[in-house]
Amino acid sequence: MAAIKPSLAKGTRDFSPTEMEKRNYIFDIIKAVFAKYGYREIQTPTFENLQTLTGKYGDEGDKLIFKILNSGDYLAKAPGNLMEEKASAQLAPHIAEKALRYDLTVPFARYVVMHQHELTLPFKRFQIQPVWRADRPQRGRYREFYQCDVDVVGSDSLLNEAEFVLIYHEALSGLGLRDFTIKLNNRKILTGIAEVLGKPELIVDMTVAIDKLDKIGLEGVNNELLNRGFTAGDLEKLQPIIQLQGTNTEKAEQLRQVLASSPIGLKGIDEIETVLGYVEKLVGDTAVVNRFVELDITLARGLNYYTGCIFEVKTNEATMGSIGGGGRYDDLTGMFGLNGLTGVGISFGADRIYDVLEELGLFPNTAVLTTQVLISNFDKLAELYALPLLRKLRAAGVASELYPATAKLKKQLSYADAKKIPYVILIGEEEIASGLFSLKDMLTGEQRMLGETEVLSFLAPNA
RNA sequence: GUAGGUAUAGCUCAGUUGGUUAGAGCACUAGAUUGUGGUUCUAGGGGUCGUGGGUUCGAGUCCCAUUACUUACCCCA
């Protein structure tokens, strides 16, 4: 068999030991916060029935689902006419009945419906698993990436929304981020705006356009609105909304006036104000809230399913898309036949957070823990002589290893150096004769002769 | 799906209007140092210059095609 050139599938990455240690550092901090707020972990399968996933993410989203070819002679049962016509989209469900999960929310909805009789509502769960999307990779965008989702179903209390703001703040601060913005919006406000304009059916076009304010500026947004079916008169009404200024309270006040004729819009504002009120009480410091939380009506995401509050988090310390997002969906499980169950949740983009922490140099050294001590291996005699010490070190909880072959000391020390092992124990003729061990500090280069108990108490002072 | 950019050693990259045997740094191996790493010095291994075609006396260099990677748009974490 001819050797093939090794390569990674597009948009995927290997995680080497150092990277894994850093990734776990992120996951551990996020998990600890989730647990602290009462969420419990679940996992769902890597792949689901294709039917479970399609139709949940909009047309664009459906195209990005990785489908898994059926086993066996999958073309035998496929409709001939569709193959003749090369109708890929229609043919796909006939030859691919499974697909890789696209996010964690839809599998969670399926989970809730299937386990409804064993769940105590409200059910609070978190889930940290990879998801797959078949889009074109670019900076901060991968085809395989991890989401850290935390959701609660069966509770319509806005306390949940408020706690998610706290979770974001606590987790991101815990990771060392200092300047980020938790943006809040509400689907009902967007609906209200579209209503006031008399164009409720254009809500998606409207929000997609004004969402780009940061990127293409006011003029660009206005042009896009015109292209998407809005009139000059609509634009005029929209200007004060798009360019909303001031504190969160001031913004809410202005919106209240604009949306006076829209009951649903006013409800959205009520919700935002309630959430902000809870957040202030929970944080206990208005200045902190104003610094990290921002009412931003240009925020548009997940419009296919979000019905209430919408979240998005951006870091201001690095150029990166959003590092998290979420929202409320009133009918999370309706698509699986269980109506009237509301859900709200957020997600952390772990891979992007990793890139940001890397760029800002925020990974602590302790995130990269390794073997504490390496025992050298001079010859077979020393190797055997080392084994009891190795056993005692490990029994005392010291991460330790014996160099697995008789090799030049230079090579063994280089190994310790490359692996950043802080101590090396040298065992040769002298040590065997004296019964002492040479303990070398790799950082200072100092070397001492110690007895076994001294070695153990030095490397494991608390054991 | 649309539009750019890039492709030379394991990695990051030089390579002059087309001209002899394609280079550097890092990494690796060995020696200087037969029981001492990280610094230093010396030597060594490692290349069908992404692939296929074309122009030319001659192509890493120019042209065409193709593939892969990459950046941006759409969309999204």
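A note on names: the letters A, B, ... follow the listed sequences, proteins ahead of strands, and every chain is numbered from 1.
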Short heteroatom pairs, N/O only, protein and nucleotides 44-46 of chain B, under 3.5 Å:
none

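- By the 6.0 Å and 45° rule, A/R143 does not stack over the aromatic ring of A/F66.
- Between B/rA59 and B/rC64, the two C1' atoms lie 15 Å apart (nearest whole Å).
- Whole-Å rounding puts the A/M442 CE to B/rU39 P distance at 11 Å.
- Straight-line distance from the CG atom of A/L443 to the C1' atom of B/rU36: 16 Å, rounded to whole Å.
- Nucleotides B/rA3 and B/rG25 are separated by 35 Å at their C1' atoms, to the nearest Å.
- Identified under the salt bridge (Lys or Arg N to Asp or Glu O under 4.0 Å) test for residues 164-179 of chain A, with sequence neighbours left out: A/K36-A/E170.
- Between A/Y39 and A/F126, a ring centre-to-centre spacing not shorter than 6.0 Å is recorded.
- For A/F458, the ring-ring contact (aromatic ring centres under 6.0 Å, His included) partners two or more places apart in sequence, or in a different chain, are A/Y423.
- Residues passing the side-chain hydrogen bond (donor to acceptor under 3.5 Å, both in side chains) test with A/E97, sequence neighbours excluded: none.
- Residues A/N377 and A/P404 fail the side-chain proximity criterion, which asks for heavy atoms closer than 4.5 Å.
- Taking atom C1' on both B/rC74 and B/rU2, the two are 9 Å apart, rounded to the nearest angstrom.
- Inspection of the A/D151 and A/Q127 side chains reveals no N or O donor paired with an N or O acceptor under 3.5 Å.
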Legend entry - Dot-bracket notation for RNA chain B, counting Watson-Crick and G-U pairs under 3.5 Å, with | for partners on another strand: (((((((..((((.....[...)))).(((((.......))))).....(((((..]....))))))))))))....
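- With the nearest nucleotide of RNA chain B identified for both A/S322 and A/E430, A/E430 has the one nearer the 5' end.
- Distances were taken from every side-chain heavy atom of A/R352 (C-beta onward) to each of B/rA72, B/rU36, B/rA77; the shortest belongs to B/rA77.
- Closest to the side chain of A/S414, from the set B/rG37, B/rU70, B/rG35, is B/rG37.
- Between A/Q138 and B/rU71 there is no side-chain polar atom (N or O) within less than 4.0 angstrom of OP1 or OP2.
- The phosphate of B/rC73 has neither OP1 nor OP2 within less than 4.0 Å of any side-chain N or O from A/K212.
- In this structure, A/H169 and A/F180 have tilted ring planes: the angle between them lies in the 30° to 60° band.
- Counting to the nearest Å, the P atom of B/rU67 and the NZ atom of A/K10 are 11 Å from each other.
- Going from atom OH of A/Y415 over to atom P of B/rG35 covers 22 Å, rounded to whole Å.
- In this model, a side-chain donor or acceptor of A/E431 finds a partner on the base of B/rG35 within 3.5 Å.
- Judged by atom type and distance alone, A/R133 does not reach the base of B/rC76 through any side-chain donor-acceptor pair under 3.5 Å.
- Interface remark: the A/Q447 side chain does form a donor-acceptor pair with the B/rU36 base, using a distance-only criterion of under 3.5 Å.
- A/F378 comes within 4.0 angstrom of a nucleotide base, judged by non-hydrogen atoms across all strands.
- Comparing B/rU33 with B/rG46, their C1' atoms are spaced 27 Å from each other, to the whole Å.
- Residue order along RNA chain B, read from the 5' end via each residue's closest nucleotide, puts A/P137 first among A/P137 and A/G61.
- Atom name P, nucleotides B/rU17 and B/rC75: the rounded distance is 45 Å, in whole Å.
- Ring geometry, A/Y57 versus A/Y102: the interplanar angle falls from 30° to 60°, so the pair is classed tilted.
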Every protein N/O within reach of nucleotides 30-32 of chain B N/O, cut-off under 3.5 Å:
{"residue": "B/rG31", "atom": "OP1", "partner": "A/K408", "partner atom": "NZ", "Å": "2.5"}
{"residue": "B/rG31", "atom": "OP2", "partner": "A/K408", "partner atom": "NZ", "Å": "2.9"}

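- Straight-line distance between the P atoms of B/rG5 and B/rC41: roughly 41 Å, to the nearest whole Å.
- Nucleotides B/rG47 and B/rU21, compared at atom C1', are 13 Å apart to the nearest Å.
- For the 3.5 Å distance criterion, the side chains of A/N160 and A/S155 qualify, holding a donor opposite an acceptor.
- Side-chain to base pairing of A/D417 with B/rG38: no donor and acceptor N or O lie closer than 3.5 Å to each other.
- Under the ring-ring contact (aromatic ring centres under 6.0 Å, His included) criterion, A/F145 pairs with no residue at all, not counting sequence neighbours.
- In this structure a side-chain-to-backbone donor-acceptor pair under 3.5 Å is missing from A/T371 to A/V373.
- Aromatic ring centroids of A/Y146 and A/F27 lie under 6.0 Å apart.
- Atom-to-atom, CG of A/D135 to P of B/rU70 comes out at 13 Å; the value is rounded to the nearest Å.
- Residue-level contact check: A/L64 touches neither bases nor backbone, having no heavy atom under 4.0 Å from any strand.
- Regarding A/L409, its CG atom lies at a distance of 6 Å from the C1' atom of B/rG35, rounded to whole Å.
- Atom CZ in A/R143 sits about 17 Å away from atom P in B/rC76, given to the nearest Å.
- The same atom, C1', is picked in B/rA14 and in B/rA24; the two are 7 Å apart, to the nearest Å.
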Inset, instruction - I would like to know whether A/S438 and A/E431 meet side-chain hydrogen bond (donor to acceptor under 3.5 Å, both in side chains); could you show each step before the answer? - result: CA-CA 7 Å; A/S438 290; A/E431 285 80 3; 2.6 Å; yes
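- The ring-ring contact (aromatic ring centres under 6.0 Å, His included) search around A/F123 returns none, not counting sequence neighbours.
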Where do N or O atoms of nucleotides 1-7 of chain B meet protein N or O atoms at under 3.5 Å, pair by pair?
{"residue": "B/rG1", "atom": "N7", "partner": "A/R136", "partner atom": "NH1", "Å": "3.2"}

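- Proximity of A/I189 to A/I272: side-chain heavy atoms (C-beta onward) are separated by under 4.5 Å at one or more points.
- Contact annotation for A/G428: base contact, defined as any heavy-atom pair under 4.0 Å involving a base atom.
- A/T342 and A/D331 form no side-chain donor-acceptor contact under 3.5 Å, judged by distance and modelled atom types alone.
- Taking atom CD of residue A/Q147 and atom C1' of nucleotide B/rC76, one finds them 10 Å apart after rounding to whole Å.
- Taking the ring-ring contact (aromatic ring centres under 6.0 Å, His included) definition, one finds that A/Y168 meets it with A/F348, sequence neighbours left out.
- Not a single side-chain hydrogen bond (donor to acceptor under 3.5 Å, both in side chains) links A/E430 to another residue, sequence neighbours left out.
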Report, one pair per line, the protein and nucleotides 10-13 of chain B atoms (nitrogen or oxygen only) whose separation is under 3.5 Å.
none

